[in-house]
Amino acid sequence: MQNTDHSPRDGFGSKIGTIAAVAGSAVGLGNIWRFPYITGENGGAAFILVYVFIVLFIGIPVMLSEFTIGRRAQRNAFGAFRLLAPRRPWYLVGVMGIAAAFMILAFYSTVAGWTFEYLRLSLVNGFKGKSPEELNALFENFYTGGWRPVIWQVVVMLLTGGILLAGVRKGIEKYTKILMPMLLVLLVILAIRSITLPGAMQGLNFLFRPDFSKIDASTILEALGQAFFSMSIGMGTIITYGSYIRKKDRLSETAFSVAGADLAVALLAGIAILPAVFAFGIAPSEGPGLVFITLPNIFQHMPGGYFWALMFFTLLIIAALTSTISVMEVVVAFISEEFSLRRRYATIIATIGVTFLGVLCTLSQGPYPQFSLFGRNLFDLMNFSTANIMLPTGGLFIVIFVGWFLGRKNVRDEISNGGTMKVRLFNIFLFLVRFIAPLAIAMVFLNGLGILKL
Ligand code: PHE
């Protein structure tokens with residue numbers, strides 16, 4: 001379990017770089033592609049309110065727990081549990097996380113690939129003059145079409161692998177530090193454009209005026225799954241990144257900054273997308289096609305739409321890549337540390353393995369629908385089961401581990417940087433990870449799956 005080259009472990013070099021990298025992981029297609037359509041499908045404002053509660057009382061505690069595990073152990077998600085709980089089955093949480101990383105990347109890279117095709121289409125002005133039906137057909141034909149989405153997906157994986165080859169500080173940190181500010185600027189511009197469209201008010205109402213009759217058990221489960229997915233928690237990404245955080249940086253501050261940034265970007269994406277959807281008289285509950293069918297339709301009716309489209313799909317690509325690298329890093333860190341392989345080889349192996357599963361997933365959307373299980377094609381299955389089942393389960397065990405197993409002294413020591421700084425709210429944190437978060441996750445989970453009826 002040692003570094004083969006005996007050099008000190010790679011890691012983040014600055015506070016800003018740390019926040020950029022972790023926020024880069026959290027902010028992604030989950031915020032800009034998934035959040036708006038899930039919000040649309042689940043009724044809007046009331047869903048958002050539930051979502052915010054979950055972020056505060058479950059999401060942030062899980063994130064801080066993962067940081068604590070990772071930085072304490074200085075290991076990948078699997079190795080961390082093995083080190084902190086020798087000869088106990090806790091490492092299974094790490095195993096599940098690595099499995100989830102494969103599954104998330106499989107469908108995530110498919111969607112990331114779509115964004116490349118859509119950037120290409122924007123460049124050649126490919127939406128121009130197309131009716132909504134034609135845009136719908138364009139999207140359907142493209143993603144079910146077989147090889148083109150596969151090629152883009154491979155491009156995504158190669159870019160992801162390429163950044164990871166350069167390492168944690170010289171790869172992940174360096175790129176996210178440039179890309180994240182770009183993303184923020186693009187998104188703010190788009191949001192301003194959207195709310196200044198005539199008829200945008202209705203969209204803002206939908207986003208901010210709650211109708212509680214829309215809330216039921218399955219909506220709450222969707223909110224939980226979305227929060228976990230969006231914050232990259234419950235599968236070891238934050239454990240892995242946590243292991244790269246310098247001992248002098250504040251974990252709680254990082255968790256709050258990242259959670260705040262992630263929530264802000266999701267809301268901004270909602271503001272950039274839903275008012276425009278309403279302004280053009282389209283149903284907000286379009287599902288996964290919202291971004292790829294509805295938006296091109298809107299762009300081509302907007303003055304300067306050519307540039308708005310370019311801007312939007314560039315934004316999506318940035319968001320996607322800073323997240324795919326974090327998911328893949330879970331696998332790379334695991335392979336290189338647990339099998340004592342050089343990072344380079346670990347990256348190559350991970351890229352090939354993940355691409356293989358991803359290609360199956362893309363093909364399950366089109367030419368090979370027989371790649372399916374439990375009545376869902378691979379893509380839907382992985383999208384649903386990772387977010388709504390595996391991540392909450394992982395999160396449940398992670399808070400239980402930190403709350404009940406790691407020991408109060410150790411947790412306090414790690415969060416206070418060895419007692420060198422005061423941690424306010426420590427008891428509240430402990431109370432949340434011991435009682436509130438586990439109970440809430442378990443209840444939402446069992447209730448949402450129909451196992452428990454409340
Ligand atoms: N949080 C990322 C997003 O919102 C996706 C992700 C999930 C990344 C899990 C890492 C781990 O797009």
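What you see is a predicted model, and the numbers here were worked out from it, not measured in a lab. Note that ligands are numbered from 1 as they come in the structure, with each ligand's atoms numbered from 1 the same way.
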Residue list, salt bridge (Lys or Arg N to Asp or Glu O under 4.0 Å) with Lys247, at least two apart or on another chain:
Glu414

Determine yes or no for a side-chain-to-main-chain donor-acceptor pair under 3.5 angstrom, with Asp10 supplying the side chain and Val168 the backbone.
yes

Using the rule given for salt bridge (charged side-chain N to carboxylate O under 4.0 Å, His left out), can you reason through Arg9 versus Glu337, listing the C-alpha separation, both sets of side-chain angles and the distance that settles it, and then say yes or no?
CA-CA 10 Å; Arg9 205 164 176 273; Glu337 286 176 2; 2.8 Å; yes

For a distance cut-off of 3.5 Å, show me each N or O of ligand 1 paired with any protein N or O, plus the separation.
from: ligand 1; atom 1: 1 (N); to: Ser25; atom 2: O; distance (Å): 3.2
from: ligand 1; atom 1: 1 (N); to: Ala26; atom 2: O; distance (Å): 3.0
from: ligand 1; atom 1: 1 (N); to: Phe229; atom 2: O; distance (Å): 2.8
from: ligand 1; atom 1: 1 (N); to: Ser230; atom 2: O; distance (Å): 3.0
from: ligand 1; atom 1: 1 (N); to: Ser232; atom 2: OG; distance (Å): 3.0
from: ligand 1; atom 1: 4 (O); to: Ala26; atom 2: O; distance (Å): 2.9
from: ligand 1; atom 1: 4 (O); to: Gly30; atom 2: N; distance (Å): 3.3
from: ligand 1; atom 1: 4 (O); to: Asn31; atom 2: OD1; distance (Å): 3.2
from: ligand 1; atom 1: 12 (O); to: Leu29; atom 2: N; distance (Å): 3.1
from: ligand 1; atom 1: 12 (O); to: Gly30; atom 2: N; distance (Å): 2.7
from: ligand 1; atom 1: 12 (O); to: Tyr108; atom 2: OH; distance (Å): 2.4

So that I can tick it off, tell me whether Glu253 and Lys15 are bridged by a salt bridge, with the cut-off set at under 4.0 angstrom between side-chain N and carboxylate O.
yes

Please tabulate, for side-chain N and O atoms in residues 178-195, each donor-acceptor pair with protein atoms closer than 3.5 Å (sequence neighbours left out).
from: Ser194; atom 1: OG; to: Ile271; atom 2: O; distance (Å): 3.1
from: Ser194; atom 1: OG; to: Ala272; atom 2: O; distance (Å): 3.0
from: Ser194; atom 1: OG; to: Ala276; atom 2: N; distance (Å): 3.2

Who pairs with Glu329 by salt bridge (Lys or Arg N to Asp or Glu O under 4.0 Å), at least two apart in sequence or on another chain?
Arg343

